[in-house]
Student: 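I'd like to ask you about the structure that follows.
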Amino acid sequence: LVALVGAPTTKSATMGVRAKKAEDNSGISWVTSDAQVYIDSGKEYIKSGDYQKAVEELKQAVDYATGSELPEAQYYLGYAYSLAGNTRDALKQVGGLKPGDVEAAAADLVILKGKLLLDTSAFEQDVHWLTENADLVSGDSERGPVYYLLLGLSYNGTGDAANARESLRKVVSLAGSSDLGKAAATLLQQL
């Protein structure tokens with residue numbers, strides 16, 4: 001489902017970047033931290049579809065990360081693990097993160113963690129997570145349909161058919177004739 005949203009669109013140009021006076025006093029040069037170098041490399045591997053390489057690079061990012069870099073490194077490592085099909089390790093990386101920890105990727109974190117909780121059948125926890133963070137994604141034209149699909153599936157998992165149907169109807173109204181909208185319509189017929 002995260003793949004339906006696409007690769008994260010966040011930019012982290014300022015993360016881990018600091019100005020440093022050049023040795024020859026000719027001016028300022030930009031130096032990127034080790035963690036940020038690995039994060040950027042991991043993101044490139046994600047874009048190219050080489051998720052195992054992305055995981056390797058992002059593990060290094062987590063090892064080198066300090067302060068505000070750590071949540072970003074954990075988010076991208078979790079994302080890479082998820083794309084590689086490793087739900088358990090993905091959830092381990094993002095499980096403790098909150099949207100404010102990765103402001104530039106807050107909406108993507110909501111979707112990723114929602115997908116991982118659904119994949120592990122943690123339906124009640126997923127409903128709580130998604131409803132708690134609804135304001136970050138529900139109105140987003142790209143993420144909203146995916147959000148409502150995850151919410152509908154988790155409501156269904158808890159046995160709450162009424163809220164499941166309501167969420168799936170929102171997917172249909174937002175996603176129309178797209179694959180996601182058709183999938184939601186099919187699920188609605190089965191409830």
Side-chain angles (χ1 to χ4, degrees), residues 1-126 128-130 132-133 136-137 140 142-143 146-147 150 154:
L1 292 176
V2 173
L4 293 171
V5 176
T9 58
T10 60
K11 304 262 190 278
S12 59
T14 59
M15 296 295 296
V17 178
R18 63 185 186 277
K20 175 180 128 179
K21 191 79 171 163
E23 299 239 352
D24 64 1
N25 291 327
S26 64
I28 303 262
S29 64
W30 293 99
V31 178
T32 304
S33 73
D34 290 339
Q36 191 62 49
V37 169
Y38 284 114
I39 290 169
D40 292 342
S41 177
K43 287 165 60 175
E44 288 302 314
Y45 281 119
I46 287 171
K47 285 181 189 172
S48 74
D50 192 343
Y51 307 130
Q52 286 308 115
K53 281 283 197 188
V55 165
E56 291 170 22
E57 292 293 299
L58 292 161
K59 280 182 177 178
Q60 293 292 321
V62 168
D63 288 344
Y64 282 104
T66 59
S68 63
E69 293 173 321
L70 185 57
E72 181 185 16
Q74 288 175 303
Y75 164 74
Y76 282 106
L77 179 55
Y79 184 63
Y81 272 133
S82 177
L83 292 171
N86 187 337
T87 300
R88 185 179 63 86
D89 285 339
L91 192 53
K92 225 163 108 177
Q93 290 302 315
V94 301
L97 295 177
K98 294 177 177 51
D101 296 337
V102 286
E103 284 185 36
D108 291 326
L109 173 64
V110 172
I111 296 297
L112 175 60
K113 190 170 173 180
K115 177 205 177 291
L116 296 171
L117 290 169
L118 178 67
D119 288 349
T120 58
S121 301
F123 303 122
E124 288 182 21
Q125 189 178 354
D126 199 22
H128 181 314
W129 168 257
L130 291 169
E132 178 179 69
N133 295 294
L136 293 173
V137 291
D140 183 308
E142 185 178 333
R143 292 172 191 87
V146 175
Y147 165 81
L150 293 171
S154 288

Student: Would one find more than 12 heavy atoms of other residues, nucleotides or ligands at under 6.0 Å from atom CZ of Phe123?
Tutor: yes
Student: Going from CG on Asp108 to CZ on Arg143, what distance comes out if it is rounded to the nearest 0.5 angstrom?
Tutor: 4.0 Å
Student: Quick one: which residue pairs count as a side chain to side chain donor-acceptor pair (under 3.5 Å) with a foot in residues 91-102, not counting sequence neighbours?
Tutor: none
Student: What are the two closest heavy atoms between Gly42 and Leu58, and how far apart are they?
Tutor: CA-CG, 3.9 Å
Student: How many angstroms lie between atom CG of Leu91 and atom NZ of Lys113, to the nearest 0.5 angstrom?
Tutor: 7.5 Å
Student: So how far is it from Gln52 CD to Leu83 CG, rounded to the nearest 0.5 Å?
Tutor: 11.0 Å
Student: Does a sphere of radius 6.0 Å around CD in Glu124 hold more than 12 heavy atoms from other residues, nucleotides or ligands, not counting ones at 6.0 Å or beyond?
Tutor: no
Student: Of the non-hydrogen atoms in Leu150 and Gly114, which two are nearest, and what is the gap between them?
Tutor: CD1-C, 4.1 Å
Student: Has the side chain of Tyr147 got a donor or acceptor atom that lies under 3.5 Å from a matching backbone atom of Leu130?
Tutor: yes
Student: Of all heavy-atom pairs between Ala107 and Leu136, which one has the smallest distance, and what is that distance?
Tutor: CB-O, 3.8 Å
Student: Quick check: closest heavy atoms across Leu109 and Pro99, and the distance to 0.1 Å?
Tutor: CD2-N, 3.8 Å
Student: Which atoms form the tightest heavy-atom contact between Ser82 and Lys115, and what is the distance?
Tutor: OG-NZ, 3.8 Å
Student: Does a side-chain heavy-atom distance below 4.5 Å link Leu117 with Ser154?
Tutor: no
Student: Counting C-beta onward and ignoring hydrogens, is there a side-chain heavy-atom pair between Asp50 and Glu44 closer than 4.5 Å?
Tutor: no
Student: Between Asp63 and Lys59, does any side-chain N to carboxylate O distance fall below 4.0 Å?
Tutor: no
Student: What is the ring orientation for Tyr79 with Tyr75, classed by angle as parallel under 30°, tilted 30 to 60°, or perpendicular over 60°?
Tutor: parallel
Student: Which atom names give the shortest non-hydrogen contact between Val146 and Ile111, and what distance separates them?
Tutor: CG1-CG2, 3.8 Å
Student: Which value, rounded to the nearest 0.5 Å, describes the distance between Leu77 atom CG and Glu72 atom CD?
Tutor: 12.0 Å
Student: Apply the test side-chain contact (heavy atoms from CB on, under 4.5 Å) to residues Thr120 and Arg88: give CA-CA distance (whole Å), side-chain angles for both, the deciding distance (0.1 Å), then the verdict.
Tutor: CA-CA 8 Å; Thr120 58; Arg88 185 179 63 86; over 6 Å; no
Student: To the nearest 0.5 Å, how far apart are CD in Glu56 and CD in Gln60?
Tutor: 9.0 Å
